[in-house]
Amino acid sequence: MDRKVRVRFAPSPTGPLHIGGVRTALYNYLFAKKNNGDFILRIEDTDQNRFVEGAEEYIIEAFKWLGLQFNEGVGVGGNFAPYRQSERTVYKDYALKLVENGWAYYAFDTPEELDAMRKECESQKKNFQYDCNTRQGLRNSLSLSENEVDALLKNNVPYVIRFKFPVNTDVVLNDLIRGEVKMNTSLLDDKVLFKSDGLPTYHLANVVDDHLMEISHVIRGEEWLPSCPLHVMLYRAFSWEETMPQFAHLPLLLKPEGNGKLSKRDGDRLGFPVFPLQWKDPKTGEISSGYRESGYLPQAVINMLALLGWNAGTEQEIFSLEELVQAFTIDRISKHGAKFDLTKAKWFNHHYFQELANEDIAKDYIKILDNLDLKGINTDLTFVVQVVGLVKERCDFLSDLWDNSHYFFVAPQTYDGKVVNKRWKDDAGRRMAEILVEMRHIAQQTPDDDNLFAHNTEEFLHRFIEENQLNIGQIMNCIRLALVGEGKGVNLVDIMKLIGSNETIKRLDKAIKVLGC
Ligand code: GLU
């Protein structure tokens with residue numbers, strides 16, 4: 001019978017979650033959903049020295065924002081609770097089991113002794129390793145007599161429990177992404193499984209929990225590949241090989257230039273977040289930017305991350321979460337690192353920003369406008385919805401709206417010098433004055449109907465240009481300058497419709513006064 005797919009995301013709460021970690025979680029999620037499996041959140045917090053206040057809450061909030069729901073785990077519960085390793089008490093028994101069956105041993109060497117050993121080796125230009133070659137010469141239950149060990153344990157002399165790698169044995173694992181990976185135990189050190197502080201190390205806790213939680217597939221970053229032979233050997237030592245999960249080690253997320261792992265420093269240097277949410281370091285107070293606070297939409301972050309290291313084998317780039325679930329397979333994950341691409345990230349956000357309802361965008365935009373504290377501006381929902389409808393195509397983010405639509409709310413205070421020099425020259429001012437006279441007429445004929453005013457003005461302008469054999473760009477750009485203050489903005493008729501006849505006339509009048517006839 002096929003095994004139920006159960007995968008876990010197992011972060012250590014040592015700070016904010018790196019976006020590469022979010023990608024790992026996403027691939028786990030997609031794989032679970034595709035295979036009707038379970039997606040589990042396990043918090044691996046057995047390294048007390050690295051514990052950071054608030055990191056666990058941050059992780060949970062990040063996944064809530066992204067819309068990736070866990071079936072079980074911290075904050076959700078489930079049949080295999082507790083899911084926070086610091087609350088699990090099973091590890092010591094398992095470590096002792098390995099001592100009993102000869103796969104592990106007590107080691108009583110003090111940190112000072114090990115340090116001295118390391119220094120001694122360094123002075124001889126050698127690397128110190130606690131392994132099958134050195135362990136007989138160190139203070140452990142392999143080198144000491146049974147009586148000595150008993151006495152040490154009785155006297156509560158601190159100890160760690162180390163894994164006893166067999167001598168010169170090939171460990172082979174079949175990684176779902178990398179294929180066969182082989183390593184010889186002679187190269188590996190006897191890793192600590194259980195620490196003198198009474199807590200397990202990552203290796204022991206990870207394997208024990210993956211077994212007890214019936215994890216079928218371990219999908220994680222490739223930085224864990226070197227540890228995997230130890231994990232495989234642990235399954236052997238516990239006689240759990242039959243239910244050992246399958247492993248898939250994901251390639252790194254690389255710097256935009258392509259060499260080296262994407263780091264927070266790259267984000268600071270190039271101006272993009274490397275964390276899903278903003279993070280305030282509880283010790284230093286330092287703030288790191290987040291995708292959410294930078295205006296990225298969760299759909300965009302998910303779509304972008306999915307394609308950083310995986311592709312569907314087609315040209316398709318836009319995927320909803322549901323479509324990703326349908327299309328996702330591990331065999332289409334690349335073996336090579338994926339370069340982070342800021343332009344692409346914005347491109348994805350642009351796409352999903354366009355999909356939002358104008359009314360929803362407008363409601364958020366009104367909050368921004370209210371914060372600007374500009375007296376007397378029109379923040380009426382119907383009006384703002386229309387503005388959004390006109391300019392959103394030019395925006396990647398909510399925060400781009402003001403730059404692209406300020407002129408709907410406030411008249412220009414200044415005029416772009418470059419555009420003035422290029423457009424407001426020769427008899428442009430005089431022409432504008434003629435146009436202003438006619439605009440006033442049109443306004444009188446179309447009271448209370450700004451749409452008709454804009455429409456009639458447009459017709460008049462075209463006639464005026466034709467009759468006077470003028471250049472269309474010249475005239476229209478001068479009017480644009482008067483209404484917007486610069487050479488950009490949406491269609492002039494749309495601007496006139498929305499700001500209305502009074503405001504249009506007022507702005508043109510002012511421009512003529514300021515820029516001259
Ligand atoms: N706690 C490990 C981490 O922080 C988990 C690695 C794994 O998935 O096995 O990444």
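From a predicted model like this one, the values you see are computed outputs, not experimental measurements. These values consider heavy atoms only, across backbone and side chains, with no hydrogens, waters or symmetry-generated copies. As the structure lists them, so they are numbered: ligands from 1, and atoms in each ligand from 1.
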> Looking at L153, L144, N140, which hits side-chain contact (heavy atoms from CB on, under 4.5 Å) with Y106?
Replying inline: L153
Ligand 1 N/O to protein N/O, distances under 3.5 Å:
unit_1: ligand 1; atom_1: 1 (N); unit_2: A10; atom_2: O; d: 2.7
unit_1: ligand 1; atom_1: 1 (N); unit_2: S12; atom_2: OG; d: 3.0
unit_1: ligand 1; atom_1: 1 (N); unit_2: E44; atom_2: OE1; d: 2.6
unit_1: ligand 1; atom_1: 4 (O); unit_2: S12; atom_2: N; d: 3.4
unit_1: ligand 1; atom_1: 4 (O); unit_2: S12; atom_2: OG; d: 3.2
unit_1: ligand 1; atom_1: 8 (O); unit_2: R8; atom_2: NH1; d: 2.8
unit_1: ligand 1; atom_1: 8 (O); unit_2: R8; atom_2: NH2; d: 3.4
unit_1: ligand 1; atom_1: 9 (O); unit_2: R8; atom_2: NH2; d: 2.9
unit_1: ligand 1; atom_1: 9 (O); unit_2: Y202; atom_2: OH; d: 2.8
unit_1: ligand 1; atom_1: 9 (O); unit_2: N206; atom_2: ND2; d: 3.1
unit_1: ligand 1; atom_1: 9 (O); unit_2: R220; atom_2: NH1; d: 2.9
unit_1: ligand 1; atom_1: 10 (O); unit_2: W224; atom_2: NE1; d: 3.3

> Below 6.0 angstrom between ring centroids: does that apply to F163 and F165?
Replying inline: yes
>> Just verifying a value: how many Å separate F51 CZ and S12 OG, rounded to the nearest 0.5 Å?
In response: 11.0 Å
>> Please evaluate residues S186 and N184 with respect to the criterion side-chain hydrogen bond (donor to acceptor under 3.5 Å, both in side chains), reporting the C-alpha separation (whole Å), side-chain torsions for both, the decisive distance (0.1 Å), and the verdict.
In response: CA-CA 5 Å; S186 317; N184 193 280; 2.6 Å; yes
Validation: residues 307-314 side-chain donor-acceptor distances under 3.5 Å, sequence neighbours left out:
unit_1: W310; atom_1: NE1; unit_2: T329; atom_2: O; d: 3.3
unit_1: N311; atom_1: OD1; unit_2: G313; atom_2: N; d: 2.7
unit_1: N311; atom_1: OD1; unit_2: R332; atom_2: NE; d: 3.3
unit_1: N311; atom_1: OD1; unit_2: R332; atom_2: NH2; d: 2.9
unit_1: T314; atom_1: OG1; unit_2: Q316; atom_2: N; d: 3.2

> Yes or no on salt bridge (Lys or Arg N to Asp or Glu O under 4.0 Å) for E120 and R118, after CA distance, side-chain angles and deciding distance?
Replying inline: CA-CA 5 Å; E120 166 74 23; R118 230 167 260 130; over 6 Å; no
